[in-house]
Protein chains: 2
Amino acid sequence: MTRMSAADRRTALIEAAFRVIAVEGVAGATTRAIVAEAEMSLASFHYAFTSREEMMRDLIQHVVANQAVAAYESARLTRDLRTAIRDGLRAFYQVVLDDPMHEEVMLELMQYALRSPALSYLPAEQYERYRAGASVLLDTAAADTGMEWLLPVDDVARIIVTVTDGLTLAWLADRDSEAGCRVIEFAATSIAALAQPLDAEHRVVPLRNDRASAERSGRTR
Amino acid sequence: MTRMSAADRRTALIEAAFRVIAVEGVAGATTRAIVAEAEMSLASFHYAFTSREEMMRDLIQHVVANQAVAAYESARLTRDLRTAIRDGLRAFYQVVLDDPMHEEVMLELMQYALRSPALSYLPAEQYERYRAGASVLLDTAAADTGMEWLLPVDDVARIIVTVTDGLTLAWLADRDSEAGCRVIEFAATSIAALAQPLDAEHRVVPLRNDRASAERSGRTR
DNA sequence: GTCTATAAAGTGATAGAC
DNA sequence: GTCTATCACTTTATAGAC
């Protein structure tokens, strides 16, 4: 058909593959299904990629790199850290609810990567990106509300990611958005409690968040 | 080869399929791979099951029914609710670390079920079982420590499941058990804060866990 | 009941015409 | 560069001998 550069063809095929996986799963993403979605002939696939495995590799590296941290982006200005966290979590949750198949695909691709020796390093990298994105927002939110984190911000980011993953998985399973919102309320309260005002008169000694050290320092919390 | 009842053969094949999926993933669980693992001939598979799909259905229903809530079982006696929760989460986490492929398989089977119209109701059922198991332990732990939950126990159970799912997914991705333990410390503290002593002099009005209602009642937390 | 052999359909990948 | 046609292989499932 029409001429396309190899690069354009690769991009088009990767995007088609993503759409196919969203509908049929990784198992259904055969080369034939992908070229049908991209409206190309089967031979064009192997002109653009030497193998299906190479395409899957590029696809996964592509989604890991272009990770839309935009999900959290509604961290609008507020004087209240808890509200900022809650709104951020809600924004993320809304993205999942609006486009459930996107998260399904990310999950399937993560498992595919974990099973491929050549790609098994990518999920860890992806989680680092998640946390880095969350860290930026957490730092911004704290600064905007005159607070500071009592834990390393990367630890707080990991808590955020733990919650968003747990919310996503549960919603994919039971589609109970109301219940998820209640979890978000809890998470926002609990995470906000990990910060203190910058100008606190009695500064709490920044502790690791375990009881042993809390008791060592003479607090019972 | 040796004679087996159809029921025994089905059980043996289901168990073999689980082992194959643990090593190769759902994609690698072909009928040939399964009968090789079970040391049977290919024809025996179709003597026991009419189709591979029927076997997958039985396998998933089997793992959902026999869900080992044993994971949480180390909720030993303690006077301290936070410690009880922390130890329960640690016990669960240890199970994941000791047998990572088990959780991988559960995750893959959940996704397989979500993609199969005939099985898509099962993940919700599984999550209900998770929460039911957690609820029993939460009720027991609260009773043992003379506490009561300020939220419906099913909501607390959902929080627990959110955390365990998030922990599992992150660990499968980056294998950072130390970081996971820090999340557990946070979760134990935060969840324990959802209970109060049964004999509290000033009982807190049991509220939904959101700031709006907290402010309505005049508390700033 | 259990096997071997094979059918029927789908897969990734390639050859060769244009 | 792009196509059609096809190869070589694997898959699930079944037929038919024993």
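So you know, we letter chains A, B, ... as the sequences are listed, proteins then strands, and number each from 1.
Nearer to the 5' terminus of DNA chain C, by closest-nucleotide assignment, is the contact made by B:Ser41 (compared with the other of A:Arg52 and B:Ser41).
Under the salt bridge (Lys or Arg N to Asp or Glu O under 4.0 Å) criterion, the residue pairs touching residues 93-105 of chain B are A:Arg115-B:Glu104, with sequence neighbours excluded. Counting only residues at least two apart or in different chains, salt bridge (Lys or Arg N to Asp or Glu O under 4.0 Å) contacts with residues 156-171 of chain A comprise A:Arg158-B:Asp174, A:Arg158-B:Asp176.
Of the residues in residues 17-35 of chain A, those placing a heavy atom less than 4.0 Å from an atom of DNA chain D are A:Arg32, in numerical order.
Between B:Leu42 atom CG and D:dA15 atom C1' there is a gap of 13 Å when expressed in whole angstrom units. Put simply, OH on A:Tyr47 is 19 Å from P on C:dA17, counting in whole angstrom units. Between A:Phe45 atom CZ and C:dT11 atom P there is a gap of 13 Å when expressed in whole angstrom units. Atom CE in A:Met55 sits roughly 14 Å away from atom C1' in C:dT11 (whole-Å rounding). The distance from atom CG of B:Leu13 to atom P of C:dG1 is 16 Å, rounded to the nearest whole Å. C:dC3 atom C1' lies 16 Å from atom CD of B:Glu39, rounded to whole Å. In this structure, the CD atom of B:Glu53 is 15 Å from the C1' atom of D:dT11, given to the nearest Å.
Partners of B:Tyr112 by ring-ring contact (aromatic ring centres under 6.0 Å, His included), not counting sequence neighbours: none found. For B:Tyr47, the side chain to side chain contact (heavy atoms under 4.5 Å, CB included) test picks out no residue, with sequence neighbours left out.
Checked against D:dT4, C:dA13, D:dT14, the side chain of A:Ala43 finds its nearest nucleotide in D:dT4. Comparing atom distances between the A:His46 side chain and each of C:dT14, D:dT2, D:dC3 picks out C:dT14 as nearest. The side chain of A:Arg9 approaches D:dT2 more closely than any other nucleotide in the set D:dT2, C:dT14, C:dC3.
Annotation: B:His62, atom NE2; neighbour count of heavy atoms from other residues, nucleotides and ligands within 6.0 Å does not exceed 12.
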Throw together a table of side-chain donor-acceptor distances under 3.5 angstrom for residues 13-28 of chain B, partners on residues two or more places apart or in other chains.
residue: B:Arg19; atom: NE; partner: B:Glu37; partner atom: OE2; Å: 2.6
residue: B:Arg19; atom: NH2; partner: B:Glu37; partner atom: OE2; Å: 3.3

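If you check every strand for non-hydrogen atoms under 4.0 Å, B:Met4 touches sugar and phosphate atoms only.
Between B:Phe45 and B:Phe49, the angle of the ring planes lies from 30° to 60°, which puts this pair in the tilted group.
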